[in-house]
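Structure first, then comments.
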Amino acid sequence: VLVMRAPGVGSQQQTNEYFSEVLSRIAALPGVVAAGATSIPPGDLSYSGSGSYFLDREPEVRDRRSESQSFFTVVAPRTFAALGVPIKIGRDFTDRDTAAAPLVAIVNEELVRRSLPGTDPIGRTIFCNFDRADGMTIVGVVGDARQVNPANEADPECFMPYQQHTYNGRTLHVVIRTMREPTSLVETVRCVARELSADVRVSFTTMEATVAEHVETPKFRALLFGIVAALAVCLAVIGVYGVMAYSVEHRTQEIGLRMALGATQRSVLRLVVGQALGIAAVGLALGLAGSAAAARLLATVLFEVHPIDVPVYLAVAGLVGVVAATAGYLPARRAASVSPMVALRGEKTSLLRNVGERLRSTVQDFKHVVSRGTDTELWSATLFTEFAAAARQTDSVTGALRGALTTLCERLGADSATLLESSRDRHYRSRVAVGALESTEFDVSADGFLISRLAAFHGSLTFTDEELR
């Protein structure tokens, strides 16, 4: 939208005729969609008028403190079309709305909401303390326009035809809506104005430039907050991923141990990702509560920022959740994909080292117990100790178990041993065996004799060959 400021050329009548001819010529130019004129340029209140207004009749006794206030704007026909302001009900001004015609006015929706709620404003009379005290018939209602500031709601506004009123030292701002770049018409419109009056000194701008000038400060403020917010989100994402990934990486040996003892890759991933999401959920709850409180402060300095912006909160929560799940999943998947023996050998200060340090004392305890010929309750500890030691010398779980059983047989003087593993069908089957039992396939019911005997005793238990068969 191109805006041309043009002063009058003489008397009020001469000025009205000048603007009427200027508007008709400009409207006929190629590329012009609509042309109008207004006493208040878009976004510039330095030429505005305002005051009290009354509906249907003026009060006999006035109370200025309680009187309704409104902006008063003088416009030409087709100005609303040029500015893109819709006519909601009624009609626009026409060239027939002259000084000799009945006085008419158009009001905006905000004035109707405040003073005529639930009623039809068309045909009502409005009195404005502008240039004359006569009542004007309302012939139309237009949409609201934020004249003061984009951050402020629209104020009541009453529009009057320029041929029925005086205005701003007979100065109007011609507004021209075009189908191409507005500035490309500057010289053409200037020539039209000078053809009608060479003495008229016109100036040009665009509505976009005027609006940009008025929103420059809040726009910069919003950009600054946006940059800071983007940096905060990036730092949060990097921090969440780094902490989660570091935590899971330090659990590599734990994951390897779980895998060695029978955990599946899916169960390990589910455990790690679930814990990561749980931690992220706690952080999100605290963060969302803090952001909701901070948003109330931002609402006072940023345009149309709501304290509870659900889509934004959901987007941030989803982003943090995805980052936390990814940070837990990728290291856990990598650790679960490594051979348990490799993961276990990489441990430096965890349980396996402590078990390794206790190996010597455990073996001494076994020697002492065997020399006395008594039962012991250290079978599981010794087997686990031997498994930990063998894990550092082999690349497979089976190899580690076989090495542990072999060492155990040597300690106890046994010629063979087997390790039974439970399955989902409530049977125990041989996981690994050494010695004479290596060629034997065990398939023992969990409710059978052997398992029942083993479950009832915590120490060593002797079986005869016949019982085993």
Side-chain angles (χ1 to χ4, degrees), residues 1-9 15-45 47-48 71 73-98 104-110 139-147 150 154 157-165 167-168 171-197 200 202-215:
V1 176
L2 182 65
V3 181
M4 179 184 73
R5 180 180 181 273
V9 295
T15 299
N16 289 344
E17 292 175 356
Y18 168 76
F19 280 116
S20 177
E21 185 63 23
V22 166
L23 292 174
S24 63
R25 291 194 183 189
I26 292 176
L29 293 175
V32 174
V33 177
T38 175
S39 60
I40 302 179
D44 188 353
L45 296 180
Y47 299 93
S48 66
F71 283 115
T73 307
V74 173
V75 299
R78 294 171 293 279
T79 300
F80 300 117
L83 294 175
V85 178
I87 297 178
K88 298 297 185 177
I89 56 175
R91 67 172 178 87
D92 193 0
F93 297 132
T94 68
D95 294 329
R96 295 188 298 272
D97 294 320
T98 63
V104 293
I106 295 176
V107 297
N108 69 344
E109 290 182 298
E110 182 62 23
V139 296
V141 177
V142 297
D144 294 328
R146 303 188 181 195
Q147 292 280 21
E157 194 162 3
C158 179
F159 302 92
M160 296 161 279
Y162 78 108
Q163 296 194 62
Q164 294 184 346
H165 299 269
Y167 42 86
N168 296 338
T171 297
L172 287 180
H173 294 78
V174 178
V175 290
I176 309 161
R177 178 171 293 273
T178 67
M179 293 186 296
R180 54 187 178 180
E181 177 62 32
T183 54
S184 64
L185 288 175
V186 169
E187 292 304 320
T188 303
V189 174
R190 191 192 305 273
C191 290
V192 171
R194 286 180 176 176
E195 286 177 3
L196 295 174
S197 178
V200 174
V202 297
S203 59
F204 292 88
T205 185
T206 63
M207 189 169 71
E208 291 76 12
T210 304
V211 173
E213 181 179 341
H214 283 75
V215 300

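T98 and Q164 share no side-chain donor-acceptor pair at under 3.5 Å.
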Can you list the steps and then say if L172 with S39 is a side chain to side chain contact (heavy atoms under 4.5 Å, CB included)?
CA-CA 5 Å; L172 287 180; S39 60; 4.2 Å; yes
Could you please spell out the steps behind the side chain to side chain contact (heavy atoms under 4.5 Å, CB included) verdict for T183 and T206?
CA-CA 8 Å; T183 54; T206 63; 4.0 Å; yes
Is there a side chain to side chain contact (heavy atoms under 4.5 Å, CB included) between C158 and F71 once you walk through the steps?
CA-CA 6 Å; C158 179; F71 283 115; over 6 Å; no
For F204 and R190: C-alpha separation, side-chain torsions, deciding distance, then whether side chain to side chain contact (heavy atoms under 4.5 Å, CB included) applies.
CA-CA 9 Å; F204 292 88; R190 191 192 305 273; 3.8 Å; yes
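Counting all heavy atoms, side chain and backbone alike, A76 lies closest to L23 at CB-CD1, 3.6 Å. Scanning both residues, T171 and P7, for their nearest heavy atoms gives OG1-CA, 3.6 Å. A145 and A154 get closest at one heavy-atom pair: O-CB, 3.8 Å. The two residues Y18 and S197 make their nearest non-hydrogen contact at CE1-CB, 3.9 Å.
Inter-residue side-chain proximity for V200 and R194 is flagged as unmet; no heavy-atom pair is nearer than 4.5 Å. Counting heavy atoms from C-beta on, the side chains of V142 and P86 never come closer than 4.5 Å. Contact of the L29 side chain with the V189 side chain is registered, since non-hydrogen atoms from C-beta on lie closer than 4.5 Å. Between V1 and P182 the shortest side-chain heavy-atom distance does not fall below 4.5 Å. Contact annotation: the side chain of V22 approaches that of L196 to within less than 4.5 Å [non-hydrogen atoms, C-beta and beyond]. Side-chain contact check for T73 versus E157: some heavy-atom pair is nearer than 4.5 Å.
Put simply, CD on E195 and CD on E21 are 10.0 Å apart, with the number rounded to the nearest 0.5 Å. Taken to the nearest 0.5 Å, the CG atom of L83 stands 7.0 Å off from the OG1 atom of T38. If you take OG1 on T15 and CD on Q163, they are separated by 11.5 Å, rounding to the nearest 0.5 Å. In this structure, E208 CD and L2 CG are separated by 9.5 Å, a value rounded to the nearest 0.5 Å.
At a threshold of 4.0 Å, the pair D97-R91 counts as salt-bridged, since one of the basic side-chain nitrogens sits closer than that to a carboxylate oxygen.
Checking V186, V174, T205, L185 one by one against M4, the side chain to side chain contact (heavy atoms under 4.5 Å, CB included) holds for a single residue, V174.
Under a 3.5 Å cut-off, the side chain of D144 and the backbone N or O of E110 do form a donor-acceptor pair. Side-chain atoms of T79 do not come within 3.5 Å of backbone N or O of G36 as any donor-acceptor pair. Side-chain atoms of D92 come within 3.5 Å of backbone N or O of R78 as a donor-acceptor pair.
Ring-centre distance between F93 and Y162: not below the 6.0 Å cut-off.
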